[in-house]
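Working notes, beginning with the structure itself.
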Amino acid sequence: MYRRKVRPKKSLGQHFLKDLSVAERIADILPTDNGLPALEIGPGAGVLTQFLLRSHPDLKVVELDRESATFLHANFPALRDRIVEADFLKLDLHGLFPEKFMVIGNYPYNISSQIFFKVLEYKDMIPICGGMVQKEVAERLASKPGKKAYGIISVLLQAWYDIEYLFTVGPEVFDPPPKVQSAVIRLTRNSRTALGCDENRFRTVVKTAFNQRRKTLRNSLKLLLEDRTDLAAQPIFDRRPEQLSVEEFVGLTEMIF
């Protein structure tokens, strides 16, 4: 439908989707019956945008690349004044949406994890977030305890979101083709309203534990335990961080602090 006149830039981690059927499948992961507006991150040449506009006519987009933004202005008059030329990671999202909204995109692979941590900051405003990321990142996000991919981002995001690994995408559908497989995921806000412990302390425990993930918690959390030998003797400290569920990390945080 649209001729692409935007050059993908390696410095921005751009790999433009060129397969329309894949773009349509990604657009379809957002529900259309909840009345929420949608925000697309990094629309590039608008291949995904064209399908999102069909079901979400109030779509807003955030684009850092000036060349892409110019192309969008010229080819997507339906967006009118809803093209935000900015770095998503630096945006105050309260200024874009007064209430809840959904997030979607073919995310730049070099900042995809940062994007999800940004979404986490606005978890009470973003009930649904989905899109395409590097397959390895998708596996980490959706991984369950006991799996090799389970780590910091798995625990911190799964504390607040149910995460679905939807489907895998090969490199041939991109221009230029990445050297890795990709995957489409969806995050749906769970029913949790409170963590049950201090969030900052929870993050500290999770990050400290996984920084030495091969060690038992007794060793990886040594600095947090200090000289509390009675606490360190508890059976949970015989385990490794990838063996603990979100709820167990919450309990561990309460136990330590």
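These values consider heavy atoms only, across backbone and side chains, with no hydrogens, waters or symmetry-generated copies. This chain uses plain numbering: 1 for the first residue, then up along the sequence.
- Note that R140 lies outside the cation-pi zone of Y150, set by a 6.0 Å cut-off to the ring centre and a 45° limit from the axis.
- V205 has its side chain within reach of F249: a pair of non-hydrogen atoms, C-beta onward, lies under 4.5 Å apart.
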Could you go through I41 and I104, starting from their C-alpha distance and side-chain angles, then the distance that decides it, and tell me whether this counts as side chain to side chain contact (heavy atoms under 4.5 Å, CB included)? CA-CA 6 Å; I41 299 172; I104 194 167; over 6 Å; no
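- K60 contributes a side-chain N or O that, together with a main-chain N or O of L96, makes up a donor-acceptor pair within less than 3.5 Å.
- When all heavy atoms are compared, the tightest approach of L195 to A159 is CD1-CB, 4.0 Å.
- Of all heavy-atom pairs spanning R218 and D238, the tightest one is NH1-OD1, 2.7 Å.
- The number of heavy-atom neighbours closer than 6.0 Å to CG of D227, taken from other residues, nucleotides and ligands shown, is 12 or below.
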R192 and E247: salt bridge (charged side-chain N to carboxylate O under 4.0 Å, His left out), yes or no, with the steps? CA-CA 11 Å; R192 193 188 300 272; E247 288 71 23; 3.1 Å; yes
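- In this structure, P241 and L217 have side chains that are in contact, with non-hydrogen atoms separated by less than 4.5 Å.
- Nearest heavy atom pair, residue G151 against residue S154, reads N-OG, 2.9 Å.
- Atom CE of M125 is separated from atom NZ of K123 by 12.5 Å, given to the nearest 0.5 angstrom.
- Taken to the nearest 0.5 Å, the CD atom of Q50 stands 12.0 Å off from the CG atom of L59.
- Judged by distance alone, with hydrogens and angles left aside, the side-chain atoms of R82 form a donor-acceptor pair with the main-chain N or O of A78 at under 3.5 Å.
- For the residue pair S182 and Y109, a side-chain donor N or O sits within less than 3.5 Å of a side-chain acceptor on the partner.
- Taking OG of S220 as the start and CG of N211 as the end, the distance is 9.0 Å to the nearest 0.5 Å.
- Scanning both residues, T49 and P43, for their nearest heavy atoms gives OG1-CB, 3.3 Å.
- Judged purely by atom type and a 3.5 angstrom limit, K118 uses its side chain to pair as donor or acceptor with the backbone of L91.
- Of the possible donor and acceptor atoms, none in the side chain of N219 sits under 3.5 Å from a partner among the backbone N and O of K215.
- No side-chain heavy atom of T216 sits less than 4.5 Å from a side-chain heavy atom of F237.
- Considering only heavy atoms from C-beta on, E172 stays 4.5 Å or farther from P177 through its side chain.
- Proximity of F117 to I115: side-chain heavy atoms (C-beta onward) are nowhere separated by under 4.5 Å.
- One distance of note links CG of L53 with CG of D58; it measures 9.5 Å at 0.5 Å rounding.
- Taking 4.5 Å as the limit, some side-chain heavy atom of L89 sits within range of a side-chain heavy atom of I111.
- Between the E63 side chain and the D65 main chain, a donor and an acceptor come within less than 3.5 Å of each other.
- By the 4.5 Å heavy-atom criterion applied to side chains, I126 and L187 are not counted as neighbours.
- In this structure, the separation between CD on Q234 and CG on L225 is 10.5 Å, given to the nearest 0.5 Å.
- Listed for the R186 side chain is a donor-acceptor partner under 3.5 Å among the backbone atoms of I29.
- Between Y107 and F116, the ring planes are perpendicular. Angles over 60° get that label, and only those under 30° would be called parallel.
- The closest donor-acceptor contact from the side chain of E136 to the backbone of A149 lies at 3.5 Å or more, if one exists at all.
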Are M255 and I236 close enough, and set up right, to give a side chain to side chain contact (heavy atoms under 4.5 Å, CB included), and what steps lead you there? CA-CA 10 Å; M255 187 184 297; I236 192 171; 4.2 Å; yes
E248/R239 under salt bridge (charged side-chain N to carboxylate O under 4.0 Å, His left out): CA gap, chis, key distance, verdict: CA-CA 11 Å; E248 287 175 313; R239 300 163 69 186; 3.0 Å; yes
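- With a 4.5 Å cut-off on side-chain heavy atoms, L20 and F51 count as touching.
- A cation-pi arrangement is absent between K18 and F174, since the terminal nitrogen or guanidinium carbon is not both under 6.0 Å from the aromatic centre and inside a 45° cone about the axis.
- Rounding to the nearest 0.5 Å gives a distance of 11.0 Å between OG1 of T168 and CE of M132.
- Q243 places a side-chain N or O within donor-acceptor distance of the main-chain N or O of R240, the cut-off being under 3.5 Å.
- F101 and L93 get closest at one heavy-atom pair: CZ-CD1, 3.9 Å.
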Salt bridge (charged side-chain N to carboxylate O under 4.0 Å, His left out), that's the test. Do R189 and D162 meet it? Break it down for me. CA-CA 6 Å; R189 186 72 166 80; D162 296 327; over 6 Å; no
Apply side chain to side chain contact (heavy atoms under 4.5 Å, CB included) to the pair E242 and K147, showing each step before the final yes or no. CA-CA 7 Å; E242 70 268 17; K147 303 293 185 181; over 6 Å; no
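- Nearest heavy atom pair, residue G44 against residue F16, reads CA-CE2, 3.5 Å.
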Determine, stepwise, if the pair V169 / V184 fulfils side chain to side chain contact (heavy atoms under 4.5 Å, CB included). CA-CA 8 Å; V169 180; V184 175; 4.2 Å; yes
